Amino acid sequence: MFFLALLSGSLFILPVAVTIGVFLGVERQRIFSGDASTGGGGGGGGIFGLGRPKVTTDTYCQKSYGITPFPGRWGDEQDLGDLCLNITTSTATKSSEVYAAGWSVTWQYPPGSADEPVHAFPNAKLELNDTIPAQLSDIKSLFLDVTWTYGLGNYIHNETNSTNLEAAGVNANVAVDMFFAKDKTNSTSTTDSDYEVMVWLGRWGAAVDPIGLASGIKANHSINGTHFSLYYGDNQNTGQTVFTWVADQNTTSFTGDLTPLVSKLEENAGPDGKSYLGYAAFGSEALYSFENVTFFVPRLEMDVQA
Ligand SMILES: *[C@@H]1O[C@H](CO)[C@@H](O)[C@H](O)[C@H]1NC(C)=O
Ligand SMILES: *[C@@H]1O[C@H](CO)[C@@H](O)[C@H](O)[C@H]1NC(C)=O
Ligand SMILES: *[C@@H]1O[C@H](CO)[C@@H](O)[C@H](O)[C@H]1NC(C)=O
Ligand SMILES: *[C@@H]1O[C@H](CO)[C@@H](O)[C@H](O)[C@H]1NC(C)=O
Ligand SMILES: *[C@@H]1O[C@H](CO)[C@@H](O)[C@H](O)[C@H]1NC(C)=O
Ligand SMILES: *[C@@H]1O[C@H](CO)[C@@H](O)[C@H](O)[C@H]1NC(C)=O
Ligand SMILES: *[C@@H]1O[C@H](CO)[C@@H](O)[C@H](O)[C@H]1NC(C)=O
Ligand SMILES: *[C@@H]1O[C@H](CO)[C@@H](O)[C@H](O)[C@H]1NC(C)=O
Ligand SMILES: *[C@@H]1O[C@H](CO)[C@@H](O)[C@H](O)[C@H]1NC(C)=O
């Protein structure tokens, strides 16, 4: 539903909005190796030692960028919110590695307006230019292997304590976000595509409802032990139809092929076999939290086989 911004180890393509992306796929080695000589600005520090792999954490805080023209964060014109993303890379990472570098996001935003409640979608975007855009009928698998935590404060939590998040009034989700379109080029755009398909693995707060909740569950499907329910409806802001598969419990670890969730949509007026998948990312939609929260993704593999 939201804009994408790109970030790689070698150069910054400045965010068009508030989203911060981490390249996976083709570009992943640059992220993994964390080569300081190509690291650019943005702060961060490294741990150096003779004969040891160099582990580097780079920190990206949107406020530190001189984005011109600065588009403003969604629904936060007064600049009351805050978001920083850390990526920890290691020179010891092999080129055959399929997992993304570990990353975390610390954020805090006040509540937004009802029609634009999401302030940011810090995410890791799959970049597989040889494979996607791909027509749905050609997609053999949409693999996701992820472990994440969410917690209060400016530090990484090893466990997610939903009771604490709920008590603090955190409104956020953890989701895969995909876009489809009949037109190949449009499928790569979060605004020009025809369909948004989300898979929610976690959700906290009363403001975090899937579009179409009121019309009830349209389908159910389980993948590797996680039960998902489908909701859908139109996004009035973009004219897109939004399909949301919501896990019936907060799923902090998931391994499986998401293809069935997408191929079941045609019978619900969703993308058909000819539609292109042009965008796939994993992240967290940040709605609001009065205190800082930290989202941590130590393990993430996404892959599309087509
Ligand atoms: C988190 O909270 C501290 C104050 O405790 C603040 O200085 C910081 O800017 C906040 N935001 C982030 C993204 O860390
Ligand atoms: C992949 O395609 C995008 C969009 O055309 C481009 O910005 C990016 O640089 C490409 N990445 C690679 C690794 O070729
Ligand atoms: C992110 O990196 C900065 C700078 O190294 C550090 O101060 C901060 O604690 C890190 N945040 C998390 C959540 O680890
Ligand atoms: C998470 O686990 C690591 C290693 O087991 C430990 O050093 C760290 O203190 C833990 N962090 C928290 C917030 O409990
Ligand atoms: C979550 O945190 C609360 C308060 O700190 C604690 O009472 C509760 O046991 C925790 N829950 C879990 C599952 O750890
Ligand atoms: C691509 O998206 C634009 C903007 O929504 C739309 O005007 C155009 O008709 C689309 N192209 C095709 C071929 O569907
Ligand atoms: C989905 O599952 C729920 C219970 O888990 C059930 O109440 C509902 O009827 C199912 N809906 C469909 C469309 O299968
Ligand atoms: C996640 O945990 C929170 C707090 O316990 C709860 O309110 C929410 O419904 C859970 N989400 C799901 C999808 O189970
Ligand atoms: C199911 O999940 C487990 C981990 O929970 C993983 O080891 C296994 O490979 C997954 N199975 C499939 C078919 O993805």
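Both counts, for ligands and for their atoms, begin at 1 and track the order of listing. Along the sequence shown, residues carry numbers from 1. The structure presented is a predicted model; accordingly, all values stated were derived computationally and were not measured.
- No more than 12 heavy atoms of other residues, nucleotides or ligands sit less than 6.0 Å from atom CD of Glu159.
- Contact annotation: for Asn154 versus ligand 1, heavy atoms closer than 4.0 Å belong to the side chain alone.
- A salt bridge links Arg203 to Asp209: at least one charged side-chain nitrogen sits closer than 4.0 Å to a carboxylate oxygen.
- Those atoms of ligand 3 with a heavy atom of Thr294 less than 4.0 angstrom away are 13 (C).
- Side chains of Pro271 and Tyr276 form no contact here, defined as non-hydrogen atoms less than 4.5 Å apart.
- Cluster annotation: Leu152 and Trp107 are assigned to the same hydrophobic cluster (Ile/Leu/Val/Met/Phe/Trp/Tyr, side-chain heavy-atom contacts under 4.5 Å, transitive).
- Screening Asn268, Asp194, Asn235, Asp234 for a side-chain hydrogen bond (donor to acceptor under 3.5 Å, both in side chains) involving Thr241 leaves a single residue, Asp234.
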Distances for all N or O pairs of ligand 5 and the protein under 3.5 Å?
from: ligand 5; atom 1: 2 (O); to: Asn161; atom 2: ND2; distance (Å): 2.2
from: ligand 5; atom 1: 2 (O); to: Asn164; atom 2: OD1; distance (Å): 3.2
from: ligand 5; atom 1: 2 (O); to: Asn164; atom 2: ND2; distance (Å): 3.1
from: ligand 5; atom 1: 11 (N); to: Asn161; atom 2: ND2; distance (Å): 3.0

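- Ring pair Phe180/Tyr195: centre-to-centre distance not below 6.0 Å.
- Within the listing of ligand 1, atoms 1 (C), 2 (O), 3 (C), 8 (C), 10 (C), 11 (N), 12 (C), 14 (O) sit less than 4.0 angstrom from a heavy atom of Asn292.
- Counting atoms of ligand 1 from 1 in the listed order, those under 4.0 Å from a heavy atom of Thr106 are 12 (C), 13 (C), 14 (O).
- Under a hydrophobic-cluster definition in which Ile, Leu, Val, Met, Phe, Trp and Tyr are linked whenever side-chain heavy atoms come within less than 4.5 Å, directly or via other members, Phe254 and Phe296 are assigned to different clusters.
- One hydrophobic cluster holds both Leu287 and Leu213 under the rule that ILVMFWY side chains link at heavy-atom gaps under 4.5 Å.
- For ligand 3, one of its N or O atoms has an N or O atom of Asn86 under 3.5 Å away.
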